[in-house]
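If you read the sequence from its start, that first residue is 1, and numbering goes on from there. Note: hydrogens, waters and symmetry copies are ignored here, and every other heavy atom, side chains too, is used.
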Amino acid sequence: MPLDQATDLFLALTPAKVLAAGEQAGLRCNPVCHALNSYENRVYDIQLEDETHVVAKFYRPQRWSREQILEEHRFMNDLEEAEVPICNLRRFPDGSTLRVKEDIYYCLYDRFGGRAPQDMDHELAERLGMLLGRLHNVGAAGESRSRIFLDANTYVRANLKWLTEKETVPRHLETRYLDAANKLASIADRRMAGVDRQRIHGDFHAGNLLLRDGTIHVLDFDDHVVGPPVQDFWLLLQGRDDWTRQLME
């Protein structure tokens, strides 16, 4: 399917189609559907007849393959079985976790209330460190062969190739830009040499955490990658100031 046609389908995803997808999944829905914040995908809160709620996520077309999405789901299932607190998937009546609506992959989640942690202190940093430790232990016990591999080839050189082919960088800046980017890629190669890589969350920042009544749940695994575990810690504590360094300790 051409990319523009897939994008048109995604933009034409109306509340009626979202509710129809819920009904096709065996849910009895009220005509109540609210869009939730999401950068890459489309995510909706759906109210059921008993006034409980589920969350439906529709994946951006051509962003992930079916196998990549299923590997995301397998990682989440592994975490749920290990009792790591995540916003877990709901299974469809046939036991699967992924379906297609008008060429768009979608899945369902139980809805969890809460807010992103606002004030990071030593106690919260320690709790999140232990949570990441549990998450990474589960990640190391399995594989995701189709997910993105976090290295300089994927995140630097492949993008530079695209920029060069599309002539996106202004010509008067191209030489300096490519030189600087390739030097950074070489530094990354050296620093990541010999570093173990495994299944990690890949986008573990405060916005993907829900804190309520003292319990933290992790959500949004669609950027799950195979990479060094420190990536998740870095996204959570990105600063280089003295306070952030203390939290890292």
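- Under a 4.0 Å N-O distance rule, the pair R199/D78 qualifies as a salt bridge.
- Between K161 and E165 there is a salt bridge, with a side-chain nitrogen of the basic residue lying less than 4.0 Å from a carboxylate oxygen of the acidic one.
- Contact annotation: the side chain of R63 never approaches that of Y105 to less than 4.5 Å [non-hydrogen atoms, C-beta and beyond].
- Taking the six-membered ring where the residue is Trp, H224 and F75 present tilted rings, their angle falling between 30° and 60°.
- The main-chain N or O of Y155 is found under 3.5 Å from a side-chain atom of N159 such that the two form a donor-acceptor pair.
- In terms of modelled atom types and a separation under 3.5 Å, the side chain of Y106 and the main chain of A21 share a donor-acceptor contact.
- Rounding to the nearest 0.5 Å gives a distance of 8.5 Å between CG of L211 and CG of L209.
- Between the side chain of N41 and the backbone N or O of R60 there is at least one donor-acceptor pair closer than 3.5 Å.
- Counting heavy atoms from C-beta outward, L108 and R99 have side chains that stay 4.5 Å or more apart.
- Within 6.0 Å of atom CD in E49, more than 12 heavy atoms from other residues, nucleotides or ligands are found, so the atom counts as buried in its surroundings.
- No side-chain donor-acceptor contact under 3.5 Å links T215 and D213.
- For the pair W64 (side chain) and D222 (backbone), a donor-acceptor distance under 3.5 Å is present.
- Proximity of M76 to I86: side-chain heavy atoms (C-beta onward) are separated by under 4.5 Å at one or more points.
- Using a 4.5 Å cut-off between side-chain heavy atoms of Ile, Leu, Val, Met, Phe, Trp and Tyr, with links allowed through other members, L210 and L124 fall into different hydrophobic clusters.
- Judged by distance alone, with hydrogens and angles left aside, the side-chain atoms of D220 form no donor-acceptor pair with the main-chain N or O of D203 at under 3.5 Å.
- Linking Ile, Leu, Val, Met, Phe, Trp and Tyr whenever their side-chain heavy atoms come within less than 4.5 Å leaves I216 and F112 in two separate clusters.
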- What's the verdict on salt bridge (charged side-chain N to carboxylate O under 4.0 Å, His left out) for E67 and R74, showing C-alpha distance, side-chain angles and the deciding distance? CA-CA 10 Å; E67 182 55 36; R74 281 195 287 271; 2.4 Å; yes
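- Checking side-chain atoms of R147 against main-chain N and O of Q68 turns up a donor-acceptor pair under 3.5 Å.
- Summarising the geometry, atom CG belonging to L150 is positioned 11.0 Å from atom CG belonging to D223; distances are rounded to the nearest 0.5 Å.
- Between the side chain of N77 and the backbone N or O of H73, at least one donor-acceptor pair lies under 3.5 Å.
- Between Y177 atom OH and L163 atom CG the span is 5.5 Å, to the nearest 0.5 Å.
- Under the 4.5 Å side-chain contact rule for hydrophobic residues, V100 and L89 share a cluster.
- A salt bridge links K57 and E72; the closest N-O separation between the charged side-chain nitrogens and carboxylate oxygens is under 4.0 Å.
- Proximity of a side-chain donor or acceptor of T164 to a complementary backbone N or O of L160 within less than 3.5 Å is detected.
- A donor and an acceptor atom, one from each side chain of H201 and D232, are nowhere located under 3.5 Å apart.
- In terms of modelled atom types and a separation under 3.5 Å, the side chain of Q198 and the main chain of P229 share no donor-acceptor contact.
- Put simply, CD on E80 and SG on C87 are 11.0 Å apart, with the number rounded to the nearest 0.5 Å.
- Counting non-hydrogen atoms of neighbouring residues, nucleotides and ligands closer than 6.0 angstrom, the CZ atom of R115 exceeds 12 such neighbours.
- The pair D151-R157 does not count as a salt bridge, with every side-chain nitrogen at least 4.0 angstrom from each carboxylate oxygen.
- Considering only heavy atoms from C-beta on, W162 comes within 4.5 Å of T168 through its side chain.
- More than 12 heavy atoms of other residues, nucleotides or ligands shown are found within 6.0 angstrom of CD on E23.
- Checking side-chain atoms of E71 against main-chain N and O of S146 turns up a donor-acceptor pair under 3.5 Å.
- Counting non-hydrogen atoms of other residues, nucleotides and ligands closer than 6.0 Å to CZ of R191 gives a total of 12 or fewer.
- Here the straight-line distance linking atom CG of L219 with atom CG of N88 works out to 11.5 Å at 0.5 Å rounding.
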